[in-house]
**Q** 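Here it is: the structure, laid out below.
Throughout, a chain's letter reflects where its sequence line sits, starting with A, and its residues are numbered from 1.
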Amino acid sequence: MSLGERDQRVYATVCSIPLGRVATYGQIATLSGMRGMARQVGYVLFDVPSNSTIPWHRVINARGEISQRSEFGAELGQRHRLELEGVQFDERGRVCLNTFGWNPDGDCEEKKQTDLWE
DNA sequence: CATATGACGTCCT
DNA sequence: GAGGACGCCATAT
């Protein structure tokens, strides 16, 4: 089984998400050179095994929620992984993208913002 | 080739 | 904010 170039790009982008940060599917799509194809990103991640070195758990949907999968309870595992990295969830089970969202360009500035805020 | 489906996103009520 | 319509496109049947 050979991996397509599209999958490689997505893997590379996902792997560049910093620890304790999350990115949306659309964001991954754009950064991988396939804007508007968020759905395809989800499809690619579907084939990634949960024990993979790829930080697939840092990818969530645009609403800051963990997308529901076919497998029951899989979302809980993803949430657990993120919490171990310091990502906080609100009472409704959502992540504040404004705080934990990954900004590839001005990640440092955004980090300063959160430091000042805390 | 026509349809259905899905780890999504945006826009409109 | 919730819910629905539509868009997008690779895969499966």
Side-chain angles (χ1 to χ4, degrees):
Chain A
M1 39 187 263
S2 55
L3 297 170
E5 185 180 335
R6 176 185 56 120
D7 303 87
Q8 294 291 349
R9 280 171 171 264
V10 171
Y11 293 156
T13 307
V14 173
C15 285
S16 57
I17 305 175
L19 187 82
R21 283 292 172 89
V22 294
T24 68
Y25 293 92
Q27 198 175 355
I28 300 300
T30 301
L31 293 174
S32 303
M34 6 185 275
R35 180 147 70 166
M37 295 187 245
R39 208 154 201 161
Q40 268 46 39
V41 173
Y43 214 85
V44 171
L45 291 184
F46 183 82
D47 290 325
V48 176
S50 23
N51 61 342
S52 171
T53 58
I54 299 175
W56 52 269
H57 54 279
R58 294 179 194 151
V59 184
I60 60 180
N61 61 31
R63 293 165 9 185
E65 294 177 318
I66 294 177
S67 297
Q68 210 166 11
R69 310 187 349 220
S70 344
E71 191 106 11
F72 180 78
E75 336 147 18
L76 296 178
Q78 182 172 4
R79 172 171 178 163
H80 183 62
R81 281 183 179 230
L82 288 176
E83 286 177 330
L84 287 179
E85 296 184 353
V87 177
Q88 300 175 354
F89 291 75
D90 60 12
E91 50 285 331
R92 278 162 65 219
R94 300 192 342 182
V95 176
C96 179
L97 290 178
N98 209 13
T99 304
F100 298 100
W102 174 40
N103 192 331
D105 295 324
D107 201 7
C108 295
E109 301 179 19
E110 192 180 359
K111 207 165 190 178
K112 280 187 177 181
Q113 289 277 3
T114 42
D115 286 343
L116 291 175
W117 195 257
E118 287 295 331

**Q** For the atom pair CZ (Arg58(A)) and CD (Glu85(A)), what is the distance rounded to the nearest 0.5 Å?
**A** 4.0 Å
**Q** Would you mind reading off the distance between Arg39(A) atom CZ and dG9(B) atom P, rounded to a whole angstrom?
**A** 10 Å
**Q** With a cut-off of less than 4.0 Å, is there a side-chain N or O of Arg92(A) near OP1 or OP2 of dG1(C)?
**A** yes
**Q** Rounded to the Å, how far apart are Leu45(A) CG and dT11(C) C1'?
**A** 16 Å
**Q** Could you check how far CD of Gln27(A) sits from P of dT10(B), rounded to whole Å?
**A** 11 Å
**Q** If you measure from CG on Leu82(A) to CZ on Phe100(A), what distance do you get to the nearest 0.5 Å?
**A** 10.0 Å
**Q** Would you mind reading off the distance between Asp47(A) atom CG and dA12(C) atom C1', rounded to a whole angstrom?
**A** 13 Å
**Q** Measure the OG1-CE distance between Thr30(A) and Met37(A) for me, rounded to the nearest 0.5 Å.
**A** 9.5 Å
**Q** In whole angstrom, what separates Gln40(A)'s CD from dG9(B)'s P?
**A** 12 Å
**Q** It should be established whether Arg63(A) places a side-chain nitrogen or oxygen under 4.0 Å from OP1 or OP2 of nucleotide dG3(C).
**A** no
**Q** Answer with base, sugar-phosphate or nothing: what part of the nucleic acid does Arg6(A) contact at a heavy-atom distance below 4.0 Å?
**A** sugar-phosphate
**Q** With a non-hydrogen cut-off below 4.0 angstrom, is Glu75(A) in contact with a base, only sugar-phosphate, or nothing?
**A** nothing
**Q** Between Met34(A) (CE) and dG9(B) (C1'), how many Å, whole number?
**A** 14 Å
**Q** Determine the contact category for Arg94(A): base if any of its heavy atoms lies under 4.0 Å from a base atom, sugar-phosphate if only primed atoms, P, OP1 or OP2 are that close, otherwise nothing.
**A** sugar-phosphate
**Q** Round to the nearest Å and state the distance from Phe46(A) atom CZ to dT5(B) atom C1'.
**A** 11 Å
**Q** Please confirm whether the shortest side-chain N or O distance from Ser70(A) to OP1 or OP2 of dG6(B) is below 4.0 Å.
**A** no
**Q** On DNA chain B, nearest-nucleotide positions of Ala62(A) versus Tyr43(A): which is more 5'?
**A** Tyr43(A)
**Q** Does a salt bridge link Glu71(A) with Arg69(A), judged by any charged N lying under 4.0 Å from a carboxylate O?
**A** no
**Q** Which whole-number value in Å describes the distance from Glu65(A) CD to dG9(B) C1'?
**A** 13 Å
**Q** Tell me whether Arg79(A) is salt-bridged to Glu75(A), with the criterion being a basic N under 4.0 Å from an acidic carboxylate O.
**A** no
